[in-house]
Amino acid sequence: MELLEETLQTIVQFAILLFEYIGVLVIMVAGVRGIINYIRRNPETRLILAKGLAMGLEFKLGSEILRTVVVRELQEIFIVASIIALRAILTFLIHWEIKNEEKESRMGQSFSE
């Protein structure tokens with residue numbers, strides 16, 4: 001039984017790191033694309049950047065959810081729950097921003113036609 005627990009612990013720790021790194025990579029790529037689009041004066045820059053940040057945060061949120069599998073103490077649970085709540089709020093706000101940007105973009109396109 002202890003072998004199974006150690007195996008699960010190892011797999012979860014690897015998955016947490018993988019999701020964290022993927023999240024960071026996605027956010028970095030979104031940032032670089034945002035800078036390039038800003039320099040090119042692309043009107044969709046904010047929307048593209050927000051979508052990239054939202055995707056990166058989804059991976060980071062996934063890693064925090066996985067972290068709950070290996071938590072041992074109540075204090076750790078509160079810390080992880082707080083991090084999950086903050087990241088969920090950030091994700092919600094970014095999705096709200098994306099929705100508003102898309103709405104404004106559609107309204108701007110309908111006026112130009």
Side-chain angles (χ1 to χ4, degrees):
M1 196 66 168
E2 196 169 306
L3 177 63
L4 288 175
E5 190 173 319
E6 287 179 25
T7 304
L8 176 66
Q9 185 94 352
T10 303
I11 291 170
V12 169
Q13 289 296 338
F14 176 76
I16 289 169
L17 283 175
L18 182 65
F19 275 45
E20 288 282 338
Y21 286 134
I22 291 172
V24 169
L25 181 64
V26 169
I27 291 170
M28 287 173 52
V29 168
V32 170
R33 286 182 65 202
I35 291 169
I36 292 169
N37 285 323
Y38 179 76
I39 291 169
R40 292 180 178 168
R41 307 231 186 264
N42 183 345
E44 302 284 312
T45 299
R46 289 181 62 191
L47 183 60
I48 294 167
L49 181 60
K51 285 182 178 180
L53 291 175
M55 181 59 67
L57 277 173
E58 294 289 341
F59 278 103
K60 305 281 282 168
L61 187 59
S63 73
E64 293 301 332
I65 291 170
L66 280 173
R67 197 168 309 233
T68 62
V69 173
V70 294
V71 170
R72 297 270 184 232
E73 297 176 12
L74 192 58
Q75 184 178 0
E76 290 179 44
I77 291 174
F78 289 135
I79 291 170
V80 171
S82 299
I83 293 169
I84 289 172
L86 286 172
R87 289 192 176 165
I89 290 168
L90 282 173
T91 301
F92 171 77
L93 291 173
I94 290 173
H95 282 290
W96 180 72
E97 179 72 23
I98 289 169
K99 191 175 179 181
N100 287 338
E101 283 291 321
E102 286 176 338
K103 190 186 303 182
E104 287 178 20
S105 177
R106 279 186 299 226
M107 287 176 64
Q109 288 176 353
S110 65
F111 285 129
S112 65
E113 292 176 354

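All values derive from a computational prediction rather than experimental measurement.
By the rule that hydrophobic residues join a cluster once side-chain heavy atoms approach within less than 4.5 Å of another member, L47 and L57 end up as members of one cluster. Both L90 and L49 are members of a single hydrophobic cluster when ILVMFWY side chains are connected at heavy-atom separations under 4.5 Å. Taken together through direct or relayed side-chain contacts under 4.5 Å among Ile, Leu, Val, Met, Phe, Trp and Tyr, V71 and I84 form part of one hydrophobic cluster. Hydrophobic clustering, with ILVMFWY side chains joined whenever heavy atoms are under 4.5 angstrom apart, keeps I36 apart from I39. L61 and L66 sit in two unconnected hydrophobic clusters of ILVMFWY residues. Membership requires side-chain heavy atoms under 4.5 Å apart, directly or through other members.
When the salt bridge (charged side-chain N to carboxylate O under 4.0 Å, His left out) test is applied to E97, the partners found at least two apart in sequence or on another chain are R46. Residues satisfying the salt bridge (charged side-chain N to carboxylate O under 4.0 Å, His left out) criterion with E102, sequence neighbours excluded, are K51.
Exactly one of N100, I94, I98 qualifies for a side-chain contact (heavy atoms from CB on, under 4.5 Å) with W96. That residue is N100.
Atom CZ of R67 and atom CD1 of I77 lie 14.0 Å apart (nearest 0.5 Å). With values rounded to the nearest 0.5 angstrom, I27 atom CD1 is found 12.0 Å from I22 atom CD1. Here the CD1-CD1 distance, from I65 to I16, works out to 11.0 Å after rounding to the nearest 0.5 Å. Between the OG1 atom in T68 and the CD atom in E76 there is a gap of 11.5 Å [rounded to 0.5 Å]. Here the CD1-CG distance, from I11 to L18, works out to 13.0 Å after rounding to the nearest 0.5 Å. We find the CD-OG distance between Q13 and S63 to be 10.5 Å, quoted to the nearest 0.5 Å.
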V80 vs E64, test: side-chain contact (heavy atoms from CB on, under 4.5 Å). Steps then yes/no. CA-CA 7 Å; V80 171; E64 293 301 332; 4.2 Å; yes

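A donor-acceptor distance shorter than 3.5 angstrom exists from the side chain of R87 to the backbone of K60, with no hydrogens or angles considered.
Residues V69 and L8 have side chains in contact (heavy-atom distance under 4.5 Å, counting atoms from C-beta outward). Side-chain atoms of T45 and N42, non-hydrogen and from C-beta on, do get closer than 4.5 Å to each other.
Applying the salt bridge (Lys or Arg N to Asp or Glu O under 4.0 Å) definition to pairs two or more places apart or across chains, those involving residues 1-11 are E5-R72.
The minimum heavy-atom distance linking A30 with G52 is given by the pair CB-CA, 3.6 Å.
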